[in-house]
Each structure stands twice: as structure tokens, then as C-alpha cells.
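Only one structure is covered here, and it is reproduced in the block below.
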Amino acid sequence: MQNKPADAKRSAGPDAAILFEKVTRRHAPARPPALDSISLAIPPRQFVAIVGPSGSGKSTLLRMINKLDSPDAGSVQVENEDVAQADAVPLRRRIGYVFQGVGLFPHMTVAENIGITPRLLGWPMDRINERVDELLDLVRLAPEIFRQRMPHQLSGGQRQRIGVARAVAAKPRIMLMDEPFGALDPITRDSLTQDYRSLHDSLALTTIMVTHDMTEALLLADRIVVMRGGHIVAEGPPDKLMDNGDPFVSEMLETPLRQAERLQALRQR
């Protein structure tokens, strides 16, 4: 018997940093909904990974938070504010957003890229410069070396670090990440993901990360939300998710576990 989607089980805590209530989104009338009556509460300071196959609704869910997409039914709240009623520009300026490919402004220096949102918010220049140097230190790039470099002078991992620094420059409490590390080589990716987790903790952020990589989700997140066909089919801490019992969730978990077993076997030869 097919398991019932877990959407109806989400609790709507009053202190949620982000709250979805029965959110439905259809991209075309003749197609199944990208999101089908999704309810989900994300408390402050939690690191949540959203996983699932392509087309499951992960990125659509993420884009609802900063009003890059809008529900056809239901509501999304960010820090108790209804996103539908919010002005998109100030909303986005108080939410960090990192995506694959980064999108640094090619005609701006590293310092100018990091400082763009504080400048738009009217911060004084001395405060912006102080913040730029502070963040370059946090993402492990020496300010005296990197602040005047142009994006084309950076490696892929360095550009992604600058993207993270830019996203947190205006001191947001919420960070959205859409496959942020997918294009990086494995060594750089491992280093950057661990550094970002440390940054999440030290800055007391609420992070929502979309990823196809279940291993990444298991190692980084406090809580994993598994999506399929516009529904949440399972969610919980990594250790609880491993005991979920849902065949689809088990299938997703088996791949990294099989890979770990094969690597262990290679080491023992």
C-alpha cells in the first residue's frame, strides 16, 4: 500500500522562522501541481535540507520564501509576515540567497560584490569596508589579497565563498541555498560545506538548502525534508530518517550507504 504524503503532519508553530500552510502551486493547468497542499514549519536557527528527484518541487518551495514564485493557494510566512503582502525588494534584502553559479557581478571587485546589499541599504562606507573584511576572514579568504580582485581572477571555490559572504553581508537571519555546491570538485565541495555549516552555527542562521546529494544532506542538516511529486513524503533528523521505513526514502538513503560500503571494502583490500 502506498504511504500517504506527510504534508498533513507538519505542525504550525507560532515561533516558526518560515511557515508554509497548505501551499499549492501549478505551473500549468493540465500538469500535476509542482506543490500540492504543502504545510511545513521551520524554526529559527535550524539547518534544513530539502531533497528529492528533479521535478519534485524543491526549488519551487524555496523560491516561495523570497517571493521569486507565488502560491496559487495557501500562504507562506517569513518571521510572521505574510509573503504575499510583503514588498519583494526589502524582503529579499533581508534574506540571503546562494545558488549554483553564484552570479557575481563581473565588473565589480570582490569587496564591491560583498558590499552591494549593505550599500543599497544605506550603510556608511566605513561600516561596509569593515563588514567586507570581517566576512572575507569568515570565509577563509585573506582580505589584503582578495578584496580588490575581480571575479574572473577567482577559482570556482573562491567565487562560491564570495557568494556566501555576499549573501550574509547585510546580516540576514535566513539563508536560502539552491544546489550551491553542485558545480564544485569534491575536495573543494567538502571543505566549503563544512565551513558553511560552521558559519551557520556561528551566525545563528536559519538555513534552507536544496540539494540532490543525500550524503550532503545527511552530513550537514539538522533536519531533512524529502519531497516527491509535489508532496513531503518524509522529514526528520538524519538518524530518524534512516529508520523511516518508506520505500522511496529507503531507496534515496541506500545510494550513499552503498557508496560508503564500497569505499570501505576498497580500503580493506
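This chain uses plain numbering: 1 for the first residue, then up along the sequence. All figures in this text were calculated on a predicted structure; none of them were measured in a lab.
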[atom1]/[X]: more than 12 non-hydrogen atoms of other groups inside 6.0 Å:
X      : atom1 : value
Arg45  : CZ    : no
Glu251 : CD    : no
Lys22  : NZ    : no

Check for me, please, whether [X] and [Y] land in the same ILVMFWY cluster - side-chain distances under 4.5 Å, paths through other members count.
X      : Y      : answer
Met150 : Ile162 : no
Leu192 : Leu199 : yes
Ile50  : Leu219 : no
Phe99  : Ile116 : no
Val168 : Leu121 : yes

Looking only at heavy atoms, which two atoms of [X] and [Y] are closest? And how far apart?
X      : Y      : value
Pro143 : Asp133 : CB-OD1, 3.5 Å
Val110 : Phe146 : CB-O, 3.1 Å
Pro151 : Pro106 : CD-O, 3.8 Å
Val23  : Pro71  : CG1-CB, 3.7 Å
Pro33  : Thr24  : CB-CG2, 4.3 Å
Val98  : Ala167 : CG2-CB, 3.5 Å

Measure the spacing between [atom1] of [X] and [atom2] of [Y] and express it to the nearest 0.5 Å.
X      : Y      : atom1 : atom2 : value
Arg131 : Lys171 : CZ    : NZ    : 5.0 Å
Lys58  : Glu179 : NZ    : CD    : 6.5 Å
Glu79  : Arg94  : CD    : CZ    : 5.5 Å
Met175 : Ile208 : CE    : CD1   : 10.0 Å
Arg197 : Phe47  : CZ    : CZ    : 6.5 Å
Met227 : Leu35  : CE    : CG    : 5.0 Å

With a 3.5 Å cut-off and no angle check, do the side chains of [X] and [Y] form a donor-acceptor pair?
X      : Y      : result
Asp185 : Thr188 : yes
Thr117 : Arg92  : no
Ser75  : Asp82  : no
Thr211 : Glu216 : yes

So that I can tick it off, tell me whether [Y] and [X] are bridged by a salt bridge, with the cut-off set at under 4.0 angstrom between side-chain N and carboxylate O.
X      : Y      : value
Arg25  : Asp72  : yes
Glu130 : Arg127 : no
Arg228 : Asp246 : no

Exercise. Quick one: do Val83 and Ile65 satisfy side chain to side chain contact (heavy atoms under 4.5 Å, CB included)? Show the steps, please.
Key: CA-CA 7 Å; Val83 171; Ile65 298 168; 6.0 Å; no
Heavy atoms, side chains only, cut-off 4.5 Å: are [X] and [Y] in contact?
X      : Y      : result
Arg93  : Leu120 : yes
Val51  : His212 : no
His200 : Asp222 : yes
Val139 : Asp195 : no
Leu19  : Ile42  : no

Using a 3.5 Å distance criterion without hydrogens, assess whether the side chain of [X] forms a donor-acceptor pair with backbone atoms of [Y].
X      : Y      : value
Thr206 : Ile174 : no
Lys67  : Leu91  : no
Ser191 : Ile187 : no

Quiz item: With a distance cut-off below 6.0 Å to the six-membered ring centre and an angular limit of 45° from the axis, does Arg189 pair with Phe181 as a cation-pi contact?
Solution: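 Negative - Arg189 is either too far from the ring of Phe181 or too far off its axis.
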Quiz item: Cation over ring, Arg166 on Phe105, under 6.0 Å and within 45°?
Solution: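 Flagged: Arg166 positioned over aromatic ring of Phe105.
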Exercise. For Leu136 and Arg147, run side chain to side chain contact (heavy atoms under 4.5 Å, CB included): C-alpha distance rounded to whole Å, both residues' side-chain angles, the deciding distance at 0.1 Å, then the answer.
Key: CA-CA 8 Å; Leu136 284 170; Arg147 67 172 3 261; 3.9 Å; yes
Quiz item: Arg26 and Arg31: side chain to side chain contact (heavy atoms under 4.5 Å, CB included), yes or no, with the steps?
Solution: CA-CA 7 Å; Arg26 289 183 179 273; Arg31 296 173 58 188; over 6 Å; no
Quiz item: side chain to side chain contact (heavy atoms under 4.5 Å, CB included) between Asn113 and Thr109: does it pass, once the steps are laid out?
Solution: CA-CA 6 Å; Asn113 265 284; Thr109 65; over 6 Å; no
Self-check item: side-chain hydrogen bond (donor to acceptor under 3.5 Å, both in side chains) evaluation trace for Ser70 with Arg63
Solution: CA-CA 8 Å; Ser70 300; Arg63 289 163 62 87; over 6 Å; no
Exercise. Test Thr60 against Asp69 for side-chain hydrogen bond (donor to acceptor under 3.5 Å, both in side chains), laying out the working first.
Key: CA-CA 7 Å; Thr60 300; Asp69 205 339; 4.7 Å; no
